[in-house]
Number of protein chains: 2
Amino acid sequence: MQAAIDELGFVRNEAARALRKGVAHTLGVVVEDISNPYFTDMARGAEAALNTAGYDALWCTSDGSPEKERRCLDFLEEQGVSGIIITPVALDASRIARLRTRGMQVVLIDRRVPGAGSSSVSVDHVMGGSLAVRHLVAIGRTDIAFVTAEPEPPPLRQRRGGALRALARAGYPPALTISMTESSAAAGQSAARRLLEFGTLPNGIFCANDLMAIGLVNELTRNGVKIPQDCAVIGYDDIDLAATAVVPLTTIHQPRRELGRKATELVLADADNQHIVLAPELVVRDSSE
Amino acid sequence: MQAAIDELGFVRNEAARALRKGVAHTLGVVVEDISNPYFTDMARGAEAALNTAGYDALWCTSDGSPEKERRCLDFLEEQGVSGIIITPVALDASRIARLRTRGMQVVLIDRRVPGAGSSSVSVDHVMGGSLAVRHLVAIGRTDIAFVTAEPEPPPLRQRRGGALRALARAGYPPALTISMTESSAAAGQSAARRLLEFGTLPNGIFCANDLMAIGLVNELTRNGVKIPQDCAVIGYDDIDLAATAVVPLTTIHQPRRELGRKATELVLADADNQHIVLAPELVVRDSSE
DNA sequence: ATGAAAGCGCTAACAA
DNA sequence: TTGTTAGCGCTTTCAT
């Protein structure tokens, strides 16, 4: 049968199928930043899972912009996808409600929107932040700085919250916070410059993600700062580049593909109000010992 | 009108529209490796251009696998996209012919498939390779190594070809070639280790892409090799990370977004047998002087 | 069991 | 101008 189909060059018309069924055989995956491996790995996990289930993925990029996010959702709605996996930027309960009315299950990554009935999968960022700071404290660092981005997305805020709490528990003063306007390697580089201008460097730095940590470590190294002797650095995400950095980076590992896989399961199970929280893990490399 | 539509929450059914028109209002973009900024930047350039023209993008990832590429194309064919932009892995003339028969214009990135009638947009990699080596020679490097991946995709082969030719013209012996099994930062790291095992290091290294160059520079630095004093390194692509690397990386800049933009223009113009070649540019940073 | 027919929502062609 | 209708290719239902 399949052979005959291939022979004749028959190709099913998905538009007709979707029209007849009232819903497309696809799931939308809306990613916040395609150049951050954290998001693409999550999306790949989701895609693998949904391919296995016989679905196809429609990838969209919001680039962190509410406007672009809206256009992604408009597109997915017009396409009649059967569900949406999204790292939301400005998605609110009313839009989610509307999507759900149209029969599209929405699963949020790393965020919850109260009152929308939609499910979510996230990593416990408070725990991750705490893990990071407890590690810095355990190796004897007392003067700790936190590098984040402003406006601060909830996951970063949670990481900082966990960090501050762990610091308070250890009896240390609250960490110095450096806020950048984005969370790229270039931002990490600028953060390092700002830190160097202060004159005295903290002896421990927790960066809200690996990309910033890499940019920061590179800039510090370039200025003769010895990592980890002069200053221990810990990142967050455990992207591939972390392991091959100049100073292999201690970081908080996130089960990114698992995140995408779980999200797919929830969408396909049409689950309401389910919230899965995964645990992050400390990965110790050279940048902290 | 639009206001009323929004008010009533009307959403156009794209499946019905596509069925009626016989073709969807979308273009497929097939990317080889979503974790390489080179490809994602190209795809973003394409997406921006096609959005401007009123189209939506269907992103697919082949992950460099012929099998996955085939599935991407099957998907796009079923979706009835009006055109496809692709960095081909194993796409042959017969498949292209079939797609074209179905009314889908195919534009290839960085590769040509003879006899298929499809257009292409590429960067002149032979020129890029030559540019890289001429720069190394100009700063006095005589013992040059080339780091590539095996199996070697045409763009990398062309870069190496240009490099070898430039070397021959300068009257130097052919470069030592190190082949890795992939072209990631981890592969660059392994290449560095292999080079260090040889005992004598070349004084100039040309890596087939920035990711490998970054992994290589990191590993060499970690082993006490001074870049560029002991060994100058040049990459290829000019990804964002190149500028913020420990040793800011000299590289060959590729107009990635422009590549995507031009490809979109060709698809939408339904151009046959047009071949646009863009010129790369040398960007000198610290890793070479 | 196999076959015929209706209808999903849209657009293009045609009628008034 | 405005309104009506046929039909895209599929799935599902209903009849044989």
Side-chain angles (χ1 to χ4, degrees), chain A residues 1-28 30 50-58 60 70-84 95-106 264 267-270, chain B residues 1-28 50-58 60 70-84 95-106 267-270:
Chain A
M1 168 65 178
Q2 190 57 48
I5 285 177
D6 286 350
E7 188 79 25
L8 295 164
F10 173 82
V11 175
R12 170 164 52 199
N13 182 328
E14 279 296 334
R17 187 150 93 127
L19 175 60
R20 175 61 241 240
K21 296 200 105 170
V23 59
H25 206 60
T26 52
L27 293 184
V30 185
L50 92 224
N51 281 345
T52 304
Y55 284 81
D56 280 300
L58 256 34
C60 295
R70 209 180 51 70
R71 282 178 36 209
C72 287
L73 293 170
D74 288 350
F75 168 69
L76 294 174
E77 214 175 328
E78 289 178 351
Q79 293 291 323
V81 293
S82 31
I84 296 175
R95 185 71 203 255
I96 293 177
R98 174 171 144 189
L99 292 165
R100 286 165 56 90
T101 304
R102 290 220 151 65
M104 302 172 194
Q105 190 54 270
V106 177
T264 301
V267 180
L268 295 180
D270 199 27
Chain B
M1 170 64 180
Q2 190 56 49
I5 286 177
D6 285 350
E7 187 78 28
L8 296 165
F10 172 82
V11 176
R12 172 166 48 202
N13 182 327
E14 279 296 336
R17 187 150 90 128
L19 175 59
R20 175 63 241 241
K21 295 197 105 169
V23 60
H25 206 58
T26 51
L27 293 184
L50 96 223
N51 282 345
T52 303
Y55 284 81
D56 280 301
L58 256 36
C60 296
R70 208 181 50 71
R71 282 179 36 210
C72 286
L73 293 170
D74 288 350
F75 167 69
L76 294 174
E77 213 174 331
E78 288 177 353
Q79 293 292 322
V81 294
S82 31
I84 296 175
R95 185 72 202 254
I96 292 178
R98 174 171 143 189
L99 293 165
R100 287 165 56 90
T101 303
R102 290 219 151 65
M104 302 172 192
Q105 190 54 268
V106 177
V267 179
L268 295 179
D270 198 26

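Predicted model, so just to flag it, every value in this text is computed and none were measured. Naming: A, B, ... by sequence-line order, numbering from 1 per chain.
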Take the protein atom [atom1] of [X] and the nucleotide atom [atom2] of [N], then report the distance between them rounded to whole Å.
X	N	atom1	atom2	result
A/Arg20	C/dA6	CZ	C1'	8 Å
B/Glu78	D/dT11	CD	C1'	16 Å
A/Gln79	C/dC10	CD	P	13 Å
B/Asn13	C/dT11	CG	P	10 Å
A/His25	C/dC8	NE2	P	22 Å
A/Glu14	D/dC8	CD	P	19 Å

Worksheet entry | Options D/dG9, D/dT12, D/dC10, nucleotide nearest the side-chain atoms of A/Lys21 | D/dT12

Worksheet item: When you measure from the side chain of A/Arg12, which nucleotide among C/dG9, D/dT11, C/dC10 comes out closest?
Response: D/dT11

Response to the item:
A/Val267 and A/Gly83 have their tightest heavy-atom pair at CG1-CA, 3.7 Å

Fill in: Ionic contact status for B/Arg98 with B/Glu77, cut-off 4.0 Å
yes

Worksheet item: Are B/Asp74 and B/Arg95 ion-paired here, with the side-chain N under 4.0 Å from a carboxylate O?
Response: yes

Item to complete: Rounded to the nearest 0.5 Å, what's the gap from CD on A/Gln105 to CG on A/Leu27? Could you check?
Response: 10.5 Å

Practice prompt. Nearest-nucleotide wise, let me know which of B/Ala16 and A/Arg17 is further upstream toward the 5' end of DNA chain D.
Written response: B/Ala16

